[in-house]
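Only one structure is covered here, and it is reproduced in the block below.
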Amino acid sequence: MTAAENVCYTLINVTNDSEPPSEVSLKADLEKGEIKAKTEALKKVIIMILNGEKLPGLLMTIIRFVLPLQDHTIKKLLLVFWEIVPKTTPDGKLLQEMILVCDAYRKDLQHPNEFIRGSTLRFLCKLKESELLEPLMPAIRACLEHRHSYVRRNAVLAIYTIYRNFEHLIPDAPELIHDFLVNEKDASCKRNAFMMLIHADQDRALDYLSTCIDQVHTFGDILQLVIVELIYKVCHANPSERARFIRCIYNLLQSSSPAVKYEAAGTLVTLSSAPTAIKAAAQCYIDLIIKESDNNVKLIVLDRLIELKEHPTHERVLQDLVMDILRVLTTPDLEVRKKTLQLALDLVSSRNVEELVIVLKKEVIKTNNASEHEDTDKYRQLLVRTLHSCSVRFPDMAASVIPVLMEFLSDTNEAAAADVLEFVREAIQRFDSLRPLVIEKMLEVFHTIKTVKIYRGALWILGEYCSTKEDIQSVMTEVRRSLGEIPIVENELKKEAGEVKPEEEVTAAPAPKLVTEMGTYVTQSALSTSRPSKKEEDRPPLRGFLMDGDFYVAASLATTLTKVALRYVALVEDKKRQNAFVAEAMLIMATILHLGKSSLPKKPITDDDVDRLSLCLKVLSECSPLMNDIFNKECRRSLSHMLAVRLEEEKLSQKKESEKRSVTVQADDPISFMQLTAKNEMTSKEDQFQLSLLAAMGNTQRKEAADPLASKLNKVTQLTGFSDPVYAEAYVHVNQYDIVLDVLVVNQTSDTLQNCTLELATLGDLKLVEKPSPLTLAPHDFANIKANVKVASTENGIIFGNIVYDVSGAASDRNCVVLSDIHIDIMDYIQPASCTDTEFRQMWAEFEWENKASQGLGNSLEITYLKHILRSTNMKCLTPEKALSGICGFMAANLYARSIFGEDALANVSIEKPIHMGPDAPVNGHIRIRAKSQGMALSLGDKINLSQKKTAS
């Protein structure tokens with residue numbers, strides 16, 4: 001039985017505090033009670049039968065006193081009652097009383113009320129006794145011609161299930177339904193009839209489809225979906241039929257229903273790999289993303305486009321649709337935009353990069369004009385990074401991108417400005433022809449920069465790449481403009497001294513007239529002194545940073561001035577001008593040192609910054625060739641080396657991805673011709689419709705690990721002991737957002753256990769969805785109980801509980817068996833992820849929960865221990881492999897992972913192995929974990945400690 005053919009169940013709510021009534025009282029209510037009393041009594045009878053009671057004495061009472069009633073509620077309850085009540089004797093023969101029931105339902109099938117007819121037909125789908133169904137067949141056939149569509153569509157379902165279970169009762173069902181389908185007008189009835197023909201007689205279904213294939217686009221969406229499924233199955237089973245039906249799939253791409261378009265596009269891709277088919281399907285996906293308002297739908301369809309891109313032959317087709325894909329950027333959702341930009345970047349080529357860059361530049365300008373929002377800043381960052389990647393891959397584009405992006409160096413959003421600065425630094429190093437343009441734009445925007453971090457980066461770029469006399473003079477001018485009048489201390493003191501007299505002014509407030517208690521007028525006057533506060537924003541930007549106590553920018557300024565001064569000395573031959581420039585640079589450094597030592601700034605200068613300023617002063621006073629080489633050559637060489645390593649890593653990762661995607665075929669592999677493939681071989685292919693249905697039901701079959709022990713048995717938890725009266729064990733099945741507990745309960749006693757209930761409770765961010773219903777277990781019987789637990793966040797959860805039951809015939813209280821705890825593993829929810837160094841540092845500073853694991857780690861190698869940590873925590877190492885290579889006795893690495901709930905987890909590994917103590921020296925150190933939530937940090941720490949203990953043992 002496939003997943004689509006699973007039985008449907010009726011859910012019945014049971015009140016927990018109700019006492020089971022006696023059979024005598026129920027009989028009295030059913031015989032003599034009013035309609036309401038009979039309804040309540042019938043409900044209690046149904047619940048008792050579900051709990052295992054037989055109640056044979058009530059069967060005839062219900063037939064005599066309840067079955068003839070015309071009340072709709074009672075008729076609906078009777079359908080449930082006849083479904084669950086035992087209909088046969090112990091030897092398997094049909095009960096005589098059921099003949100009366102059969103006659104009653106024959107009358108209901110001829111009832112004038114369409115609801116009663118339809119409900120009865122649905123009930124007949126669940127009957128498994130052919131003796132009961134045989135007398136009803138003429139009435140069921142007659143329902144196919146009823147005036148109401150509700151009756152007709154349920155009649156089709158009833159005929160289908162009867163034909164599938166008892167073909168001899170209605171052998172001509174396919175022919176009957178085919179004739180019904182030809183004349184039917186209602187969409188839901190046609191859909192049910194067509195679905196039956198697909199499963200019962202596929203040839204008739206194809207014949208019908210062939211007759212109306214040109215009218216398919218006029219059908220309702222529910223019928224179109226079934227037609228798509230039929231075409232998929234037929235073409236996969238018999239490839240020669242593709243040419244016959246593929247045109248129909250093309251037509252369905254224009255359907256008004258989004259669901260039909262989505263399924264038709266997916267089917268078209270599986271049936272044909274021709275460029276026209278792939279282009280039509282991709283265009284359909286793009287239209288769906290743009291027109292659908294639900295972001296979840298957009299993300300799902302984007303994933304389908306990304307899957308298409310993974311196929312090497314499809315990638316070239318999608319490259320022509322890059323501009324259409326970029327239309328998705330009109331969606332305000334950040335996650336959709338992120339995926340769209342990544343997809344566009346993967347598909348960009350020399351043919352379309354120019355158009356892509358134009359669109360992205362427009363989007364960047366739009367973000368500048370848009371109202372400030374958290375997502376606007378993040379979106380701007382995404383655009384900057386995408387343009388950065390385009391410019392690196394296609395250097396010709398850099399010249400048009402740089403002027404637009406450099407406007408954002410003055411942005412108040414430091415993260416976006418930092419991304420622009422990183423891009424500019426890489427561009428100016430790699431592309432010599434762009435240096436004059438970059439320097440010119442940098443000097444234009446330099447005075448508008450608002451954040452100190454960006455200011456430091458801009459100073460470094462100007463100091464490193466200004467190579468002409470004019471540019472060097474311009475840098476010095478901008479620095480003096482940004483610093484204000486020097487010496488700084490004297491200037492600030494003069495301001496303070498000069499502003500005392502005019503600021504403090506004695507003013508007399510106007511005298512208001514007041515009325516006393518006596519009714520006479522008096523006047524009141526007061527003298528007040530006002531001193532307007534000095535506006536700090538009037539200060540130039542660099543002086544503002546220094547007065548705030550940020551002297552790290554002063555160290556950067558000193559390095560920049562030293563570089564340009566040394567370069568100026570080499571360019572200009574006039575000694576007087578050389579000395580004047582160097583003296584001006586030294587004066588700026590000296591006045592900053594003086595300011596740092598004074599009490600004017602909010603924070604005094606640090607010793608490190610003093611050392612750097614003093615070093616630069618000494619270098620400029622001596623001007624030795626060695627220092628000139630270090631400042632003007634070695635710095636740039638280090639940057640060049642870093643960029644080369646990064647480029648090499650990117651190429652390596654792209655090569656690995658392309659190797660994964662490339663289809664490797666061995667020379668001696670057999671060639672499969674679709675036209676020559678036997679039908680039984682085609683059936684081995686996976687049915688996409690069946691897989692999607694299983695995924696929706698949470699029954700996806702995960703590929704088992706290569707280790708035979710890593711199977712389902714590893715996830716079975718024993719809950720009770722073998723000597724307990726009730727033995728229980730649970731299989732823990734973890735889906736994405738919920739956990740399904742499949743608990744096997746075994747009665748190990750010789751007594752009947754009534755109201756056997758599994759009671760569960762949770763600890764952590766887990767929530768029990770529903771309480772499992774009670775069971776009745778015969779002696780030595782067993783049963784399976786399923787319980788669903790919702791998971792809301794990533795942390796180690798615990799499920800605990802007990803099993804309570806009554807012993808049949810015993811007068812004692814309820815018995816209880818306590819269960820062992822079930823621990824939910826956090827690793828099922830954590831996946832490796834990547835982020836930039838800047839993002840890592842930002843999250844590290846923001847996250848407030850930290851967990852530190854530190855202990856002796858044995859005598860393994862540092863890299864071996866790091867790999868062990870990565871395996872046990874599912875995290876990804878962000879530190880490049882080259883930075884970890886070699887043996888130096890110390891290793892530091894950054895790790896990152898993200899949960900399926902979008903929670904970030906950071907870790908820093910710092911371990912040491914003293915080289916002088918030999919290869920057997922112990923590895924010591926600590927691992928610091930940071931996360932936004934306490935549960936995530938604690939759970940990861942516990943996991944690491946547990947893995948260390950296992951390694952040690």
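Position 1 is the first residue of the sequence; numbering continues from there.
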Give a yes-or-no answer on whether the side chains of R153 and N192 include a donor-acceptor pair shorter than 3.5 Å.
->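 No, no side-chain donor-acceptor pair sits under 3.5 Å.
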Under the side chain to side chain donor-acceptor pair (under 3.5 Å) criterion, do N815 and D806 qualify, and how do the steps go?
-> CA-CA 6 Å; N815 300 280; D806 297 324; 5.8 Å; no
Assess whether side-chain contact (heavy atoms from CB on, under 4.5 Å) is satisfied between L940 and I830, documenting all intermediate values.
-> CA-CA 10 Å; L940 266 177; I830 289 183; 3.9 Å; yes
Between H733 and Y731, how do the two ring planes meet: parallel, tilted or perpendicular, split at 30° and 60°?
->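 Tilted: the ring planes of H733 and Y731 meet at 30° to 60°.
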Rounded distance [0.5 Å steps], [atom1] in [X] versus [atom2] in [Y]:
X    : Y    : atom1 : atom2 : answer
L777 : N747 : CG    : CG    : 5.5 Å
S257 : E263 : OG    : CD    : 9.5 Å
L299 : N296 : CG    : CG    : 6.5 Å
D751 : H780 : CG    : NE2   : 9.0 Å
L124 : L79  : CG    : CG    : 8.5 Å
E729 : T717 : CD    : OG1   : 9.0 Å

4.5 Å side-chain heavy-atom contact, [X] and [Y]:
X    : Y    : answer
I798 : I822 : no
M60  : L100 : yes
P174 : R204 : yes
L121 : L157 : no
P779 : T752 : yes
L763 : F800 : yes
D742 : V732 : no
F180 : E145 : no

Please table the atom pairs, donor to acceptor, closer than 3.5 Å between any side-chain atom in residues 26-45 and protein atoms at least two apart or in another chain.
unit_1: K38; atom_1: NZ; unit_2: F65; atom_2: O; d: 3.2
unit_1: T39; atom_1: OG1; unit_2: I35; atom_2: O; d: 2.8

Return the minimal non-hydrogen interatomic distance between [X] and [Y], and the atom names on each side.
X    : Y    : answer
V817 : T720 : CG1-CG2, 3.6 Å
R122 : Y150 : CD-OH, 4.1 Å
L225 : A259 : CD2-O, 3.8 Å
V745 : C756 : CG1-SG, 4.4 Å
E903 : M936 : O-CE, 3.9 Å
Y727 : G721 : CD1-O, 3.7 Å

Out of I140, L176, I177, L133, which one pairs with I170 under the side-chain contact (heavy atoms from CB on, under 4.5 Å) rule?
->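 Of I140, L176, I177, L133, side-chain contact (heavy atoms from CB on, under 4.5 Å) with I170 is met by L176 alone.
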Flag, side chain of [X] to backbone of [Y], donor-acceptor distance under 3.5 Å:
X    : Y    : result
D103 : I99  : no
Q754 : Y805 : no
K298 : E292 : yes

Using the side-chain contact (heavy atoms from CB on, under 4.5 Å) rule, take L78 and Y105 through it: C-alpha gap first, then chi angles, then the decisive distance, then the call.
-> CA-CA 11 Å; L78 281 172; Y105 281 115; 3.9 Å; yes
T161/Y163 under side-chain contact (heavy atoms from CB on, under 4.5 Å): CA gap, chis, key distance, verdict = CA-CA 5 Å; T161 51; Y163 177 77; over 6 Å; no
Charged N-O contact under 4.0 Å between E83 and K126 |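 Yes, charged N to carboxylate O under 4.0 Å.
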Are D71 and K75 close enough for a salt bridge, meaning some N to O gap below 4.0 Å?
->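 No.
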Return yes when atom CD of Q110 has more than 12 non-hydrogen atoms of other residues, nucleotides or ligands closer than 6.0 Å, and no otherwise.
->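 Enclosed: over 12 neighbouring heavy atoms sit under 6.0 Å from CD of Q110.
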May I ask you to check whether over 12 heavy atoms, not counting those of E134, lie within 6.0 Å of atom CD?
->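 At most 12 heavy atoms, drawn from other residues, nucleotides or ligands, come within 6.0 Å of this atom.
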Check step by step if side-chain contact (heavy atoms from CB on, under 4.5 Å) holds for Y208 and K190.
-> CA-CA 11 Å; Y208 171 74; K190 290 174 80 170; 3.5 Å; yes
Could you list the residues that satisfy side-chain contact (heavy atoms from CB on, under 4.5 Å) with I222, not counting sequence neighbours?
->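 I222 satisfies side-chain contact (heavy atoms from CB on, under 4.5 Å) with A187, S188, R191 once adjacent residues are dropped.
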All N/O donor-acceptor pairs, side-chain side in residues 111-118, below 3.5 Å, sequence neighbours left out:
unit_1: H111; atom_1: ND1; unit_2: N113; atom_2: N; d: 2.9
unit_1: H111; atom_1: NE2; unit_2: Q70; atom_2: OE1; d: 3.2
unit_1: N113; atom_1: OD1; unit_2: F115; atom_2: N; d: 2.7
unit_1: N113; atom_1: OD1; unit_2: I116; atom_2: N; d: 3.3
unit_1: E114; atom_1: OE1; unit_2: R147; atom_2: NH2; d: 3.2
unit_1: R117; atom_1: NE; unit_2: L109; atom_2: O; d: 3.2
unit_1: R117; atom_1: NE; unit_2: H111; atom_2: O; d: 2.8

Derivation and outcome, salt bridge (Lys or Arg N to Asp or Glu O under 4.0 Å), residues E184 and R152 | CA-CA 10 Å; E184 181 57 50; R152 297 199 302 274; 2.9 Å; yes
Please say whether the positively charged group of R164, taken as NZ for Lys or CZ for Arg, lies over the ring of Y160, i.e. under 6.0 angstrom from the six-membered ring centre and within 45 degrees of the axis.
->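 The answer is yes, since R164 meets both limits relative to Y160.
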